[in-house]
Amino acid sequence: MPQAVITVKDLVKHYTEIKAVNGISFEVFENEIFGLLGPNGAGKTTTLEIIETLREKSSGEVMVYGLNVEKDNNEIKKIIGVQLQAAGYYPALTLSELLVLFSGLYNVKVDTHEMLKLVGLEDRSKSKYKELSGGQKQRFSICTTLINKPKIVFLDEPTTGLDPQARRNLWELIKQIRAQGTTVVITTHYMDEAENLCDRVAIIEKGKIIALDTPDKLIDDLVEKGFERKKKVKDANLEDVFLSLTGQEWRDE
Ligand code: ATP
């Protein structure tokens, strides 16, 4: 049996007028890439933020590596990596200065060159965050989640707004992070991304989980019910055209 590193039981979160999360339960296993999918407003970010100890739940139980989100929030923060919103990056500091600053907050020492190399930004150590492209900004933000060598990283829509190649670069990066033993929890609106990256996905709608399985199993179940695509799929699509014209290998976006 795989080991559960996150256990969510009957989680509920009410805002004044909305039940954003309405009694959900799931487990995330060690070293898997687990996806939370669902329409806008389904409750994905709220769920993530409760697990990250950044938001209080209304009821239910959430454990991370056996630690309780209410009582052990400081211990949990030490073993997880969370992406900062862009507003958190001081505009006047370079990437290596930002890494030194953040590592100071975590009370750890990091080799900034090695950290930036992990995400393919070793040549940009003297650049400021605002000087980076969208894909580079996302890679840097993932880099900052790795400073404290977390056991679990949480990525909330990490590839939104990126071009197809930059998205693929990030997929490789996320796979590398997992290959080093880290568990990854990710939200995305891109189903190809979830299919490519995630070992298992939970589909959330109106604060409830309506499906949870491997992408393969969910697809097979639908096909078994007699589902057929309306339009015949060609051997390639426009994204394949775009990628083949602009080059598939890692490039500096
Ligand atoms: P998206 O895909 O658009 O990011 P999501 O699945 O992450 O959506 P949440 O951000 O968790 O959804 O929001 C779930 C519901 O809770 C929405 O109806 C949202 O308007 C509401 N909500 C979120 N944060 C708050 C808040 N601080 N106060 C009141 N309502 C909130």
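Looking at Tyr65 and Glu30, their side chains do bring a donor and an acceptor atom within 3.5 Å of each other. Judged purely by distance below 3.5 Å, without hydrogens or angles, the side chains of Glu131 and Gln136 never pair a donor atom with an acceptor atom. In summary, the side chains of Asn196 and Lys175 do present a donor paired with an acceptor at a separation below 3.5 Å, with no hydrogens or angles considered. Side-chain contact annotation: Asn31 with Thr183, donor-acceptor N/O pair under 3.5 Å absent. A side-chain N or O of Glu193 and one of Thr159 form a donor-acceptor pair less than 3.5 Å apart. Counted by atom type alone, Gln83 and Ser141 present one or more donor-acceptor pairs between their side chains at under 3.5 Å.
For the side-chain contact (heavy atoms from CB on, under 4.5 Å) criterion with Asn73, the lone passing option out of Asn68, Thr53, Val64 is Thr53. In summary, of the residues considered (Leu173, Leu162, Leu243), a side-chain contact (heavy atoms from CB on, under 4.5 Å) with Arg168 occurs for Leu243 alone.
Ring centroids of Phe34 and Phe26 are separated by less than 6.0 Å, placing the two rings close together.
Looking at heavy atoms from C-beta onward, Arg139 lies in side-chain contact with Asn169 at the 4.5 angstrom threshold. Residues Val153 and Pro150 have side chains in contact (heavy-atom distance under 4.5 Å, counting atoms from C-beta outward).
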For this session: Just do the salt bridge (Lys or Arg N to Asp or Glu O under 4.0 Å) check on Arg167 and Asp163 with the steps written out, would you?
Result: CA-CA 6 Å; Arg167 288 178 63 220; Asp163 74 45; over 6 Å; no

For this session: Could you go through the side-chain contact (heavy atoms from CB on, under 4.5 Å) check for Arg124 and Leu132 one step at a time?
Result: CA-CA 9 Å; Arg124 304 303 302 261; Leu132 303 179; 4.2 Å; yes

For this session: Under the side-chain contact (heavy atoms from CB on, under 4.5 Å) rule, what do Met63 and Ile6 come out as? Steps first, then yes or no, please.
Result: CA-CA 6 Å; Met63 306 290 279; Ile6 298 174; over 6 Å; no

Exercise. Checking salt bridge (Lys or Arg N to Asp or Glu O under 4.0 Å) for the pair Lys77/Glu52: CA distance, chi angles, key distance, verdict?
Worked result: CA-CA 7 Å; Lys77 283 193 182 102; Glu52 293 162 355; over 6 Å; no

For this session: Kindly indicate, with the supporting measurements, whether the criterion salt bridge (Lys or Arg N to Asp or Glu O under 4.0 Å) is fulfilled by Arg55 and Glu49.
Result: CA-CA 5 Å; Arg55 201 175 279 264; Glu49 290 183 351; 2.6 Å; yes

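Pro158 and Leu170 make their closest contact through O-CD1, 3.4 Å (heavy atoms, listed as atom of the first residue, atom of the second, distance). Closest approach of Val8 to Ile24, counting heavy atoms only: CG1-O, 3.5 Å.
Ion pair Asp199/Arg178 flagged as a salt bridge, since at least one NZ, NE, NH1 or NH2 atom sits closer than 4.0 Å to an Asp/Glu carboxylate oxygen. A salt bridge does not link Glu157 to Lys44: none of the charged nitrogens lies less than 4.0 Å from a carboxylate oxygen.
Taking hydrophobic clusters as Ile, Leu, Val, Met, Phe, Trp and Tyr residues chained together by side-chain heavy-atom distances below 4.5 Å, Leu101 shares a cluster with Tyr129.
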